[in-house]
Amino acid sequence: MCGIIGIVSDKGNLKDRVIEGLKRLEYRGYDSAGIALRTEEGLLIRKKKGKVSQLEEELRNLRISSRAAVGHTRWATHGEPNDPNSHPHTDCRGEITLVHNGIIENYLELKEDLRRKGHRFRSQTDSEVVAHLLEEELKEGGSFMEALGRVVRRLEGSFALVVLNSREDALYIARQDSPLVVGLGDGENFVASDIPAFLSWTNRVVFIENGEMGKLTLSSVEIYDFQGRKRDKKPQIINWSLAQAEKGGYKHFMLKEIHEQAKAISDTVGPRIERDSNSVVMEDLPLSPRKIKDILILACGTSYHAGLVGKFYFEELAGIKTDVDYASEFRYRKPVLSPSTLVIAISQSGETADTIGALRKARSLGGKVLAVCNVVGSSITREADAVLYTHAGPEISVASTKAFTTQLSLLYLLAVYLGREVGKIERKEEARLVSGILSLPSRIERMLREEKERIREIGVDISAYTDALYLGRHLNYPIALEGALKLKEISYIHAEGYPAGEMKHGPIALIDENLPTVFIATESKVLDKVRSNMEEIKSRRGKIISLLSGEHPEIEELSDAVIKVPEVDEYLFPIINIIPLQLIAYYAADFLGHDVDQPRNLAKSVTVE
Ligand code: G6P
């Protein structure tokens, strides 16, 4: 995955600016970090296993004048995370250096060939071959850009590359299937894996497409295709603010992002509601509603769990048969799609490799793809037939929170819209469903105010266990899965989500006083059944934590701890119920002293298979 950045500028201290940019990219990987600066004496390279802060510490006393620099924060794929495998990588003579995000799939054969020609390799990475290939191609003559063109045409796999050489204050870039965006400054230019890396310096951006390469200098940005033909690129203004990409007084991004959910939902829902009539207005879909015979949702991780809730929405509110598949599974199956299947690809980042692969497969089978995505201009939004954006703002914490609740809100609105368009929902019912979601943000705020302390205590309690079980039924079954995922991602406590009715077919064997169970027991047509499942746990001495709405003294009686959730319409409970579960995971992880925003082994955008 990895985060990369390059800066050409004669303002400020470039070393510090690259480190600042890398810190904003650390959500993409944090096994090791490195920097290269061009100086009058040649390239200065420092790289180190560990986080960006460790590199920063090592470079604290380094005073160096430079106008072109690159940086990298790594999530290891090829080669363990150690100093030699860290980026930047260089050619034999130390005159070319580069940072890479992606995987060069044919690196072994390229490496063999280069070895035969006398190149010496210092790392086990796939990335280093690119520096040596450039060294080799430059011997053939022509400009640096021409040599880069010849190199990228030989590479198979995925790459975002930023290359620096010892002779010019310039950065050379190339992209194939890994994200890369250029920031246009005033007398300075930037390039990075993601916009927050340079958002404090500019919000004018140019998205680099697959098959494009280019050159950045202090005063110019030129983009070409891999054949060397010039491309005319239109800059876009990004309206994310820097404050959104900073912690703003919270201890962690995750805690801040949990608290931003009420606003993120309003921002996502608001522009799609016609206030006078409380009816949904939707952007154009790739298929007109009456032509949709079925829906197929493709996603990974938390976005997949949003898809599972979406299935209830589309089937129950719009009467449209819906399947949900893991993108990583779908892409290697022989799926059956029809021209009237609406494919919905859900992705916060828009860069998840498996979701991109699944989207391409669905399109190749004739499916029409609608992307639900949070990042403007990301790969998935460019490859889909149409896009619905969630407006969660930048999500920095690796564990996804506000992206999830905005995805649910958008799927809900889409289902209401489709239900109306196909004649399953009448105007009056639509207005009721819409007013329900409009009142959700204030209820979320209230719950956070009233229940946070209790949730914190529960989180601290759970941190003492090695395992936990999350149970829910119907709409809340996916929420049990997502609640368990949050706990294991950041607290490293083993947690399983299960449909409460399935518990008796296996997990019940695990129940004793050492296994706490979190029950999602908010108002629903299956609440009585959930209560019976609670009795089954209680009679086996299991500890019970309940999410409850309304007055249910008998459930409170069965529970060791209760979190009160405000009453909302049944279909909206998943959106509010996940929030206490996110907080339980947060407080457990924080109490255990874990790095909440950057949990071990994970990365925010998984741009490899
Ligand atoms: C990674 C992240 C998860 C995320 C998943 C899918 O595993 O750590 O938080 O849910 O990727 O990401 P996407 O950007 O496609 O929603």
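Below, each value reflects all heavy atoms present in this structure, side chains not excepted, and no hydrogens, waters or symmetry copies. Both ligands and their constituent atoms are indexed starting at 1 by order of listing.
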Peer 1: Could you tell me whether some N/O pair between Ala399 and ligand 1 is separated by less than 3.5 angstrom?
Peer 2: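 No; every N/O pair is 3.5 Å or more apart.
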Peer 1: Parallel, tilted or perpendicular for Tyr313 and Tyr412, by the 30°/60° rule?
Peer 2: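 Tyr313 and Tyr412: perpendicular rings.
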Peer 1: What's the shortest distance from atom 9 (O) of ligand 1 to any protein heavy atom, and which residue and atom give it?
Peer 2: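 Residue, atom and distance for the closest contact: Val398 O, 3.2 Å.
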Peer 1: Quick one: do Arg331 and Asp354 make a salt bridge, cutoff under 4.0 Å?
Peer 2: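 Asp354 and Arg331: salt-bridged.
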Peer 1: Classify the side-chain pair Asn210/Asp177 by whether it contains a donor and acceptor separated by less than 3.5 Å.
Peer 2: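 Yes, side-chain donor-acceptor contact under 3.5 Å.
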Peer 1: If I compare all heavy atoms of Val369 with all of Ala345, which pair ends up nearest, and what's the gap?
Peer 2: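 Closest pair (atom of Val369, atom of Ala345, distance): CG1-CB, 4.2 Å.
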Peer 1: Looking at Ser347, which atoms of ligand 1 are within less than 4.0 Å of one of its heavy atoms?
Peer 2: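 This gives 13 (P), 14 (O), 15 (O), 16 (O) as the contact atoms.
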Peer 1: Answer yes or no on whether Arg600 is positioned over the face of Tyr492, meaning its NZ or CZ is under 6.0 Å from the six-membered ring centre and within 45° of the axis.
Peer 2: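 Satisfied, under 6.0 Å and within 45°.
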Peer 1: In the protein, what heavy atom is nearest to atom 5 (C) of ligand 1, and what distance, to one decimal place, separates them?
Peer 2: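 Ranked first by proximity to atom 5 (C) of ligand 1 is Cys300 O, 4.1 Å.
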Peer 1: Would the Phe312 and His474 ring centres measure less than 6.0 Å apart?
Peer 2: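 Centroid separation for Phe312 and His474: below 6.0 Å.
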Peer 1: Would you check if the side chain of Asn577 reaches a backbone N or O of Thr522 as a donor-acceptor pair within less than 3.5 Å?
Peer 2: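 Flag not set: sc Asn577 to bb Thr522 has no pair under 3.5 Å.
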Peer 1: If you have a sec, work out which protein heavy atom is nearest atom 12 (O) of ligand 1 and how many Å separate them, to one decimal?
Peer 2: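 Going by distance alone, atom 12 (O) of ligand 1 is nearest to Thr352 OG1, 3.3 Å.
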Peer 1: What orientation do His87 and His72 show, parallel under 30°, tilted 30 to 60°, or perpendicular over 60°?
Peer 2: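 Geometry flag for His72 against His87: parallel rings.
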Peer 1: If you take the nearest heavy atom of each of Lys486, Lys604, Glu351, Glu395, which one is closest to atom 11 (O) of ligand 1?
Peer 2: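 Ranked by closest heavy atom to atom 11 (O) of ligand 1, first place is Lys604.
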Peer 1: For ligand 1, indicate whether the residue Leu602 contacts it via side chain, backbone, both or neither (heavy-atom separation under 4.0 Å).
Peer 2: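 Under 4.0 Å from ligand 1, Leu602 contributes no heavy atoms.
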Peer 1: Is the shortest distance from a heavy atom of Val606 to ligand 1 less than 4.0 Å?
Peer 2: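 True for this residue.
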Peer 1: Any donor-acceptor pair under 3.5 Å linking the side-chain atoms of Ser400 with those of Gln348?
Peer 2: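 Note: Gln348 and Ser400 side chains miss the donor-acceptor criterion.
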Peer 1: N/O to N/O below 3.5 Å, does that happen between Gln407 and ligand 1?
Peer 2: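 N/O-N/O distance below 3.5 Å does not exist for this pair.
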Peer 1: For Thr355 and ligand 1, does the shortest N/O to N/O distance drop below 3.5 Å?
Peer 2: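 No; the residue has no nitrogen or oxygen that sits under 3.5 Å from a nitrogen or oxygen of the ligand.
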Peer 1: Quick check on Ala603 - does any of its heavy atoms sit under 4.0 Å from an atom of ligand 1?
Peer 2: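 Under 4.0 Å: yes for Ala603.
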Peer 1: Which of the numbered atoms in ligand 1 are under 4.0 angstrom from any heavy atom belonging to Thr302?
Peer 2: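 Counting atoms of ligand 1 from 1, those under 4.0 Å from Thr302 are 10 (O).
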Peer 1: Considering the heavy atoms of Ser400, write down every atom of ligand 1 situated less than 4.0 Å from one of them.
Peer 2: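 Numbered from 1, ligand 1 contributes 9 (O).
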Peer 1: Are any of the N or O atoms of Gly301 closer than 3.5 Å to those of ligand 1?
Peer 2: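 For ligand 1, there is no N or O atom that lies under 3.5 Å from one belonging to Gly301.
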